[in-house]
Amino acid sequence: MEQQTIRDRMADRIQHMLRHAIIRDRRFLDDEQLIRAEQLALLEEVFNASVRDAEIQELSSHFAGILRGDHPCHLAIWGKTGTGKTLTLSYFLNLLTEFAKPKGVQVRHEHLDLSTPQPCFRALNNLACLFKASKRHKKGISLEELMVNIETTLADVSGYLVIFVDEVDNVRRDRDTFLKFLVRRLPQKISVKLILVFVSNRLNWPDQLDPRVKSFLKLNELVFKPYDAVDLKHILDIRVLKALHPNTVEPGVVERIAALASHDHGDARKAVALLAKSAYLAEKAGTRITPSIVDEAMDELHCDRYMALLRTAPVQLKAAMAGAIDASRRAKGRVVGTGEAYDAYAKFCQRAVLQPLSGRAFGDLLAELDVHSFIRSKVVSHGRRGRTREITLDVPDDLADRIHEMICMDFDLRG
DNA sequence: TGTCCACAGGAAATACGGGGGT
DNA sequence: ACCCCCGTATTTCCTGTGGACA
């Protein structure tokens with residue numbers, strides 16, 4: 001039997017991949033790679049399928065007044081991640097500006113993106129940059145000066161100004177200063193009619209506000225519900241059309257993805273990620289996308305999620321996880337108590353040359369692992385033999401192995 | 001029925017680190 | 001450059017608790 005050369009094998013593989021290509025344009029499977037205009041175009045198609053109708057209606061009635069010269073109040077929007085808050089708002093505000101123009105109404109909108117946590121200073125600085133009122137400063141300029149800059153730049157603007165503050169709760173320090181400026185001070189200094197739109201994914205953010213700001217802040221509220229399966233199907237259908245070659249998706253696949261995604265989060269981005277992973281797996285296997293491949297992709301995404309979460313976690317949390325895994329391995333199916341887990345953790349710390357935390361702090365680490373469902377723990381009393389949390393690993397064994405291996409690598413240990 | 005285990009988990013004290021003001 | 005202040009992480013201290021066991 002004659003030996004295939006490496007060239008032959010490589011050529012074969014490439015041929016195979018070409019023949020079974022599934023993905024036509026990878027960019028449409030990852031929003032990060034699309035420019036804003038493309039995202040909005042995509043969104044328009046989704047909206048045309050009457051997704052997010054209720055929200056658009058609400059927005060329209062809220063802002064309708066400006067076409068008559070009214071001054072609508074501010075708006076607070078809540079919704080979990082991946083419910084399309086940012087994109088919907090951007091799209092809506094663009095459209096609004098367009099509608100207003102022929103009526104002679106000047107509407108200007110700016111998107112202040114606070115998707116990464118930042119102190120008041122940086123938030124104000126970014127805002128100033130939006131209006132070209134200031135350069136990007138590292139420091140050395142007082143908050144007051146930034147505020148004045150913004151005010152003077154906006155002083156002779158007329159018409160309406162909508163400031164879309166994305167993820168407000170990310171303003172770490174002096175949130176009150178920041179909001180007080182936007183809500184109370186700025187409107188008094190400028191003639192343009194200011195409408196603030198706050199977006200947040202936490203429902204209770206106004207509760208932790210300075211009461212003086214809060215009482216001053218007249219808000220209209222709007223909630224973005226998670227997408228349901230029907231919405232998700234529309235969204236996915238469009239992606240399939242744009243990103244994949246025709247006839248590579250078996251019937252029922254999109255429905256399956258939509259069902260899975262709506263069932264456990266209703267996050268459109270994750271749904272698209274699931275489609276992407278499925279396409280990738282199918283391409284590798286050289287088949288069309290089948291429902292069973294979707295399930296497989298789901299599992300892999302789950303694993304990826306756990307791994308990613310832990311990879312970026314603080315060292316102590318990693319050590320606690322390693323300890324929990326060690327302990328439950330040693331216990332061989334028997335449930336593990338807190339003390340036992342702590343011993344394993346302390347031992348791990350010793351090997352990893354890491355100062356172990358106190359038992360109290362370890363308890364908190366366990367609680368955190370529980371929240372992310374790496375482990376499951378419940379408090380049980382054994383009468384005179386005390387009370388303890390019974391700890392079970394909440395991840396499959398093979399994933400636990402991978403996690404353990406990763407953590408050991410992190411600490412430069414062997415398994 | 002009371003005891004007492006082995007922790008849970010809240011509150012306050014303390015250590016730490018980094019940015020900001022001067 | 002230096003110090004101070006503030007937010008966060010961790011420790012210390014403490015009280016609470018369900019139920020097996022005597």
*Asks:* Report the distance from atom CZ of A:Arg389 to atom C1' of B:dC7, rounded to the nearest whole Å.
*Replies:* 10 Å
*Asks:* Would A:Glu390 and A:Arg334 pass as an ion pair if we require N to O under 4.0 Å?
*Replies:* no
*Asks:* If a pair satisfies ring-ring contact (aromatic ring centres under 6.0 Å, His included) and one of its residues is in residues 32-55 of chain A, list it, with sequence neighbours excluded.
*Replies:* A:Phe47-A:Tyr91
*Asks:* Hey, which of A:Asp370, A:Thr388, A:Asp394, A:Thr338 is the one that makes side-chain hydrogen bond (donor to acceptor under 3.5 Å, both in side chains) with A:Ser377?
*Replies:* A:Asp370
*Asks:* Among residues two or more places apart or on two chains, list those pairs meeting ring-ring contact (aromatic ring centres under 6.0 Å, His included) that have a residue in residues 304-360 of chain A.
*Replies:*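 Qualifying pairs: A:Tyr306-A:Phe374, A:Tyr342-A:Tyr345, A:Tyr342-A:Phe362, A:Tyr345-A:Phe362, A:Phe348-A:Phe411.
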*Asks:* Atom CG of residue position A:Asp228 - does it have more than 12 heavy atoms of other residues, nucleotides or ligands inside 6.0 Å?
*Replies:*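 More than 12 within 6.0 Å, yes.
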*Asks:* Ignoring hydrogens and angles, state whether a donor on the side chain of A:His74 or A:Asn220 is under 3.5 Å from an acceptor on the partner side chain.
*Replies:* no
*Asks:* Below 3.5 Å is the cut-off: list the nitrogen or oxygen pairs between protein and nucleotides 15-18 of chain B, distance only.
*Replies:*
none

*Asks:* State the NZ-NE2 distance between A:Lys277 and A:His302, to the nearest 0.5 angstrom.
*Replies:* 12.5 Å
*Asks:* Whole angstroms only, please: what is the CZ-P distance between A:Arg385 and B:dA6?
*Replies:* 9 Å
*Asks:* Got a salt bridge between A:Asp398 and A:Arg402, using NZ or NE/NH1/NH2 to carboxylate O under 4.0 Å?
*Replies:* no
*Asks:* For nucleotides 11-15 of chain C, print each protein N/O atom paired with a nucleotide N/O atom at under 3.5 Å, atom names and distance only.
*Replies:*
unit_1 : atom_1 : unit_2   : atom_2 : d
C:dT11 : OP1    : A:Ser358 : N      : 3.4
C:dT11 : OP2    : A:Ser358 : N      : 3.0
C:dT11 : OP2    : A:Ser358 : OG     : 3.0

*Asks:* Name every residue in residues 336-350 of chain A that has at least one heavy atom under 4.0 Å from any atom of DNA chain B, in order of residue number, or write none if there are no such residues.
*Replies:*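 Only A:Thr338, A:Gly339 qualify.
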*Asks:* Measure from CZ on A:Arg387 to C1' on B:dG9 and round the result to the nearest Å.
*Replies:* 10 Å
*Asks:* Nucleotides 2-4 of chain B: which of its N/O atoms have a protein N/O under 3.5 Å away?
*Replies:*
unit_1 : atom_1 : unit_2   : atom_2 : d
B:dT3  : O2     : A:Arg384 : NH2    : 3.4

*Asks:* Without decimals, in angstroms, what is the distance between A:Lys378 NZ and B:dC7 P?
*Replies:* 17 Å
*Asks:* Counting only heavy atoms from other residues, nucleotides and ligands, does the tally under 6.0 Å from CE of A:Met307 exceed 12?
*Replies:*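 Enclosed.
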*Asks:* Does NZ or CZ of A:Arg108 come closer than 6.0 Å to the centre of the six-membered ring of A:Phe131, within 45° of the ring's axis?
*Replies:*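 The answer is no; the distance or angle limit is not met.
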*Asks:* OG1/A:Thr392 to CZ/A:Arg389 distance, rounded to the nearest 0.5 angstrom?
*Replies:*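 One finds 11.5 Å between OG1 of A:Thr392 and CZ of A:Arg389.
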*Asks:* What distance do A:Glu405 atom CD and A:Leu413 atom CG have between them, rounded to the nearest 0.5 Å?
*Replies:*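 Answer for the CD-CG pair, A:Glu405 versus A:Leu413, is 12.5 Å.
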*Asks:* Round to the nearest Å and state the distance from A:Leu365 atom CG to C:dT10 atom P.
*Replies:* 7 Å
*Asks:* Please determine whether a side-chain nitrogen of the Lys or Arg among A:Glu55 and A:Lys85 lies less than 4.0 Å from a carboxylate oxygen of the Asp or Glu.
*Replies:*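 Answer for the salt bridge query: no.
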*Asks:* Return whichever of A:Gly386 or A:Val379 has its heavy-atom-nearest nucleotide of DNA chain B closer to the 5' end.
*Replies:*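 Between the two, 5'-proximity favours A:Gly386.
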*Asks:* Check the distance between C:dT8's C1' and A:Gln316's CD and give it to me in whole angstrom.
*Replies:*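 The answer, rounded to whole Å, is 15 Å.
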